[in-house]
A.B. asks: 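The structure follows.
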Protein chains: 2
Amino acid sequence: MPAQKTLTHLPFYTDLSSTGRDLLSKGAKYNACEAADIILHKGQSVSGAYMVLRGRLRVYSISSNGNEATLTWIEPGEICVFSLNCLFNNLLYPAWVAAEKDTEVATIPAALYRELFQREFSVQDLTVHSLSILVFRLMEELDQVHGLRHKERLANFLLVRASATGELDITQQQLAQHLGTSREVIARLLQNFVAQAYVRTGRGRITLLDPEGLSQVVTGKQA
Amino acid sequence: MPAQKTLTHLPFYTDLSSTGRDLLSKGAKYNACEAADIILHKGQSVSGAYMVLRGRLRVYSISSNGNEATLTWIEPGEICVFSLNCLFNNLLYPAWVAAEKDTEVATIPAALYRELFQREFSVQDLTVHSLSILVFRLMEELDQVHGLRHKERLANFLLVRASATGELDITQQQLAQHLGTSREVIARLLQNFVAQAYVRTGRGRITLLDPEGLSQVVTGKQA
DNA sequence: GCGCTTATGTAGCAAAAGTTACATAAGGTA
DNA sequence: TACCTTATGTAACTTTTGCTACATAAGCGC
């Protein structure tokens, strides 16, 4: 068990009863995985609740023509709600999960999690909140996929995920995967943005030059 | 309060403690609404948990160009999970809700629901299950929107929602709304299906003639 | 039946997205 | 530096979707 990062560092741990803490420390398992490792395959049965301690997980679907589309990311401190989902309903996992960088994951076995859920209010709370937030995120995503064009979704993505200095370290291939389209389409759209001086492109990097312009693209006011 | 349909008829009521039943019968409110009534507007704050007793509710989003897209339906006996979602996170409602036919809805005020959630295991259970199932549904939908063409989504929709005798009572306009596209596109696709003798169209009705053929369309094996 | 409303059938063009096929460039490494 | 891998830039072309504009038809009330 790595000393530096365990479940005890997560916010909800503080609110557990001593019995709960005990159960958790005895039952939880820790896993480390490297970038690009696939943690779960679609249709796999889920053995417990996953919680990310370090790194980042990417949850994605793969369509029949082989295109990937990122559904969401799981950041440190977050629980993989999809696994909860399966755990409470005995469903098979509905997507793929892969590590995006070196990532450490704690696994709480299904039986233990269900017991904690019955005993501990903080676990109930965590569960319902996590599920709720996921529902909200998914609805937003669905909304966007339905209502926006790729151009608009791309602009939105750039705005939302750029750093404070207006930079994103991401390849066009990754962008394409997230939006569920091909790299060529992304390149075409980005060239458009470059031509209008909204962004500057570099190898594995995009720099925002005119966030205002981009947000007008999102709302459909600008090309 | 209508005598014929109350919360006491729903499955989870049986598992409530007598205190819980008491609280519920005192606090719940009943509303009737007619077809096409809009129950909730996007961005409205949610005053409680909604449960459908009779009829059907449609949850939908509206994109910037005015197109609607049905996210899900809420059938009798189901709880509107979106409202739970807001209720536990103090979020604003993320979509529109309208009655599709004469519908009766029970409302459990937010404070009461939260209290029941703390006291009653059956309510915790109902909540987590409902949220989980919604997550699953939304993911499936997102998956389809990402990965399938309209032709394939339409074929899938027809297969999933046809009656046992292979009939659907639905207008092309409604189909278009669900898939988030225009009626003309649906008409074009349907004509295609008609030409291949997969379906027969009528006024407000579609009859499946060749479900096999349709399922091949879904998987992209057939035109 | 007549007229009104609602639903479907079709055509044609414009815009967006998907596909294929290469050229070019940036970084890392032997 | 030369070579190799990975990432980006571009063009041409196809397919799908979106949009506009009508024609036709079904059901309903009078």
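Both backbone and side-chain heavy atoms feed into the values below; hydrogens, waters and symmetry mates do not.
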A.B. asks: Got A:Thr201 and A:Phe193 here, is their nearest side-chain heavy-atom distance under 4.5 Å?
C.D. replies: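 No, their side chains stay 4.5 Å or more apart.
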A.B. asks: Nearest whole Å is fine: how far is D:dT17 P from B:Glu184 CD?
C.D. replies: 14 Å
A.B. asks: B:His146: which residues meet the ring pair (Phe, Tyr, Trp, His ring centres under 6.0 Å) condition with it, sequence neighbours left out?
C.D. replies: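 B:His146: no ring pair (Phe, Tyr, Trp, His ring centres under 6.0 Å) contacts found.
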A.B. asks: D:dT8 P sits how many Å from A:Asn192 CG, rounded?
C.D. replies: 17 Å
A.B. asks: Can you tell me which nucleotide in D:dA7, C:dT19, D:dA26 comes closest to the side chain of A:Ser182?
C.D. replies: C:dT19
A.B. asks: Using only modelled atom types and a 3.5 angstrom limit, is any donor from either the side chain of A:Arg183 or the base of C:dG18 paired with an acceptor on the other?
C.D. replies: no
A.B. asks: Using every non-hydrogen atom in the two residues, find where B:Trp73 and B:Glu78 come nearest and quote the distance to one decimal.
C.D. replies: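 Minimum heavy-atom separation between B:Trp73 and B:Glu78: O-OE1, 3.8 Å.
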A.B. asks: Which nucleotide in the set C:dG18, D:dT17, C:dA17 lies at the smallest distance from any side-chain heavy atom of A:Thr181?
C.D. replies: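 From the listed options, C:dG18 comes nearest.
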A.B. asks: OP1 or OP2 of C:dT6 versus the side-chain N and O atoms of B:Gln172: is any pair under 4.0 Å?
C.D. replies: no
A.B. asks: If I take atom CD in residue B:Gln173 and atom C1' in nucleotide C:dT6, what distance separates them, rounded to the nearest angstrom?
C.D. replies: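 Interatomic distance, CD of B:Gln173 to C1' of C:dT6: 11 Å.
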A.B. asks: To the nearest Å, how far apart are B:Leu190 CG and D:dT17 P?
C.D. replies: 13 Å
A.B. asks: Find the distance B:Leu189:CG to D:dG18:C1' and express it as a whole number of Å.
C.D. replies: 12 Å
A.B. asks: With DNA chain D as reference, determine whether A:Arg188 or A:Thr201 sits nearer its 5' end, using the nearest nucleotide of each.
C.D. replies: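 With A:Arg188 and A:Thr201 compared, the 5'-side residue is A:Thr201.
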A.B. asks: Out of D:dT17, C:dG18, D:dG9, which nucleotide sits closest to the side chain of A:Gln191?
C.D. replies: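 So the nucleotide nearest the side chain must be D:dG9.
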A.B. asks: Please report the distance, rounded to the nearest Å, between CD in B:Glu152 and P in C:dG18.
C.D. replies: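 For the pair B:Glu152 CD and C:dG18 P, the rounded distance is 12 Å.
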A.B. asks: Tell me the closest heavy-atom pair linking B:Ala99 and B:Ile39, and the distance in Å.
C.D. replies: N-CG1, 4.2 Å
A.B. asks: Roughly, in whole Å, what's the span from CZ in B:Arg205 to C1' in C:dA7?
C.D. replies: 15 Å
A.B. asks: Using a 4.0 Å heavy-atom cut-off across all strands, classify B:Thr171 as base, sugar-phosphate, or nothing.
C.D. replies: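 It contacts sugar-phosphate atoms only.
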A.B. asks: Is the A:Tyr60 ring parallel, tilted or perpendicular to the A:Trp96 ring (thresholds 30°, 60°)?
C.D. replies: parallel
A.B. asks: From the set C:dT10, D:dA7, D:dG27, return the single nucleotide nearest to any side-chain atom of B:Arg203.
C.D. replies: D:dG27
A.B. asks: Give the rounded distance in Å between these two atoms: CD of A:Gln177 and C1' of D:dT6.
C.D. replies: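 Distance, rounded to whole Å: 14 Å.
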